[in-house]
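In what follows, a structure is listed as structure tokens, so that the remarks can point back to it.
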Amino acid sequence: MSRQLSYHEQVEVFARLRAANPQPKGELEHLNAFTLLVAVALSAQATDASVNKATRDLFPIADTPQKMLAIGEEGLIPYIRTIGLYRNKAKNVIRLSELLVERHGGEVPSSRAALEALPGVGRKTANVVLNMWWGFPSQPVDTHVFRVSNRTGVAMGADVVAVERGLENHVPVEYQQLSHHWLILHGRYTCVARKPKCPTCLIRDLCTFEEKTPE
DNA sequence: ATCCCGAGGG
DNA sequence: CCCTCTGGAT
């Protein structure tokens, strides 16, 4: 079973993850604040590779809310059909574009409340935009961050809000801005959901998580 | 707690 | 076949 890491261990974990990836950028392709917001909203329960494949054709012709509205829901669906949950997402992106024009002059707002008031934008998506675009040290907790945080003991919690609080309290200040990228990359390529690659893990000696299924 | 939902991997 | 993927709304 996992346990909460000490401060010293936290520092060591992030130091190693940073050394392995000094300048993580995130792997969701986008052209500006609007396309970042849309890309993150589209990425719910979908791989970023799947989202990038769709947005590579979509964003060049719809990189502003006004252009997105010009395409419309029926025009948008063909681009994002290969992403899961596309009916809800199409409706949300169009309504979200309308609200950006009506309330925010077509710009992406910088407050959590304004972001979360947009359809299809919840806590996690708002945190990504606040972190990646507006530069706040917010801690988005997605499936990777939740799993990796609990397994490694970087931050433990029964739900995403608890893990988010844990990260805010335990991640050393110098790592807060980029910590979510490191946790995601670690979760995507090493600490994967099904069969974690513990034998080649950079932080194996600091981690108390053990695969239960014997080989 | 349940629904939305296609693609990729094992 | 089953599980997972940078969740959100009801």
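Just so it is clear, the structure is predicted and the values come from calculations on it, not from any experiment. So that the names make sense, note that chain A is the first sequence line, chain B the second, and so on, each numbered from 1. Any value given below was found using the heavy atoms of this structure, including those in side chains, with hydrogens, waters and symmetry copies removed.
A heavy atom lying under 4.0 Å from DNA chain C marks none of the residues of residues 73-81 of chain A.
Between the side chain of A/S43 and the main chain of A/A46, no donor-acceptor pair closer than 3.5 Å is present. Checked by atom type and distance alone, the side chain of A/Q45 never pairs as donor or acceptor with a backbone atom of A/L85 at under 3.5 Å.
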Mind listing the side-chain donor-acceptor pairs of residues 162-172 of chain A below 3.5 Å, one per line with the distance, residues two or more places apart or on another chain?
from   : atom 1 : to     : atom 2 : distance (Å)
A/E164 : OE1    : A/R123 : NE     : 2.7
A/E164 : OE1    : A/N127 : ND2    : 3.3
A/E164 : OE2    : A/R123 : NE     : 3.4
A/E164 : OE2    : A/R123 : NH2    : 2.9
A/R165 : NH1    : A/E168 : OE1    : 3.4
A/N169 : ND2    : A/R165 : O      : 3.1

Donor-acceptor list for residues 19-40 of chain A side chains, cut-off 3.5 Å, not counting sequence neighbours:
from  : atom 1 : to     : atom 2 : distance (Å)
A/E27 : OE1    : A/R188 : NH1    : 2.6
A/E27 : OE1    : A/Y189 : OH     : 3.0
A/E27 : OE2    : A/Y189 : OH     : 3.4
A/H30 : ND1    : A/L28  : O      : 3.0
A/N32 : OD1    : A/F34  : N      : 3.1
A/N32 : OD1    : A/T35  : N      : 2.8
A/N32 : OD1    : A/T35  : OG1    : 2.8
A/N32 : ND2    : A/D63  : O      : 3.0
A/T35 : OG1    : A/L31  : N      : 2.7
A/T35 : OG1    : A/N32  : N      : 2.8
A/T35 : OG1    : A/N32  : O      : 3.1

Please list every donor-acceptor pair under 3.5 Å in which a side-chain atom of residues 93-104 of chain A meets a protein atom from a residue at least two apart or in another chain.
from  : atom 1 : to    : atom 2 : distance (Å)
A/R95 : NH1    : A/E98 : OE1    : 2.8
A/S97 : OG     : A/V93 : O      : 2.8

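Judged by distance alone, the side chains of A/S179 and A/Q176 never bring a donor and an acceptor atom under 3.5 Å apart.
Grouping the Ile, Leu, Val, Met, Phe, Trp and Tyr side chains by contacts below 4.5 angstrom, directly or via other members, places A/V145 apart from A/L185. In terms of hydrophobic clustering, with Ile, Leu, Val, Met, Phe, Trp and Tyr side chains grouped at heavy-atom distances under 4.5 Å, A/W134 and A/V141 are assigned to different clusters.
One P atom belongs to B/dG9, the other to C/dT6, and the distance between them is 13 Å to the nearest Å. Across B/dC5 and C/dC5, the matching C1' atoms stand 12 Å from one another, rounded to whole Å.
Here the range on DNA chain B touched by chain A, meaning any atom under 4.0 Å from one of its heavy atoms, is B/dC4 to B/dG9.
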TODO: Between protein and nucleotides 4-10 of chain C, map the contacts as a letter string: B base, S sugar-phosphate only, - none, heavy atoms under 4.0 Å, written 5' to 3'.
DONE: SBBBSS-
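Closest heavy-atom contact between A/R151 and A/S2: O-OG, 2.7 Å.
A/E107 CD: 12 or fewer foreign heavy atoms inside a 6.0 Å radius.
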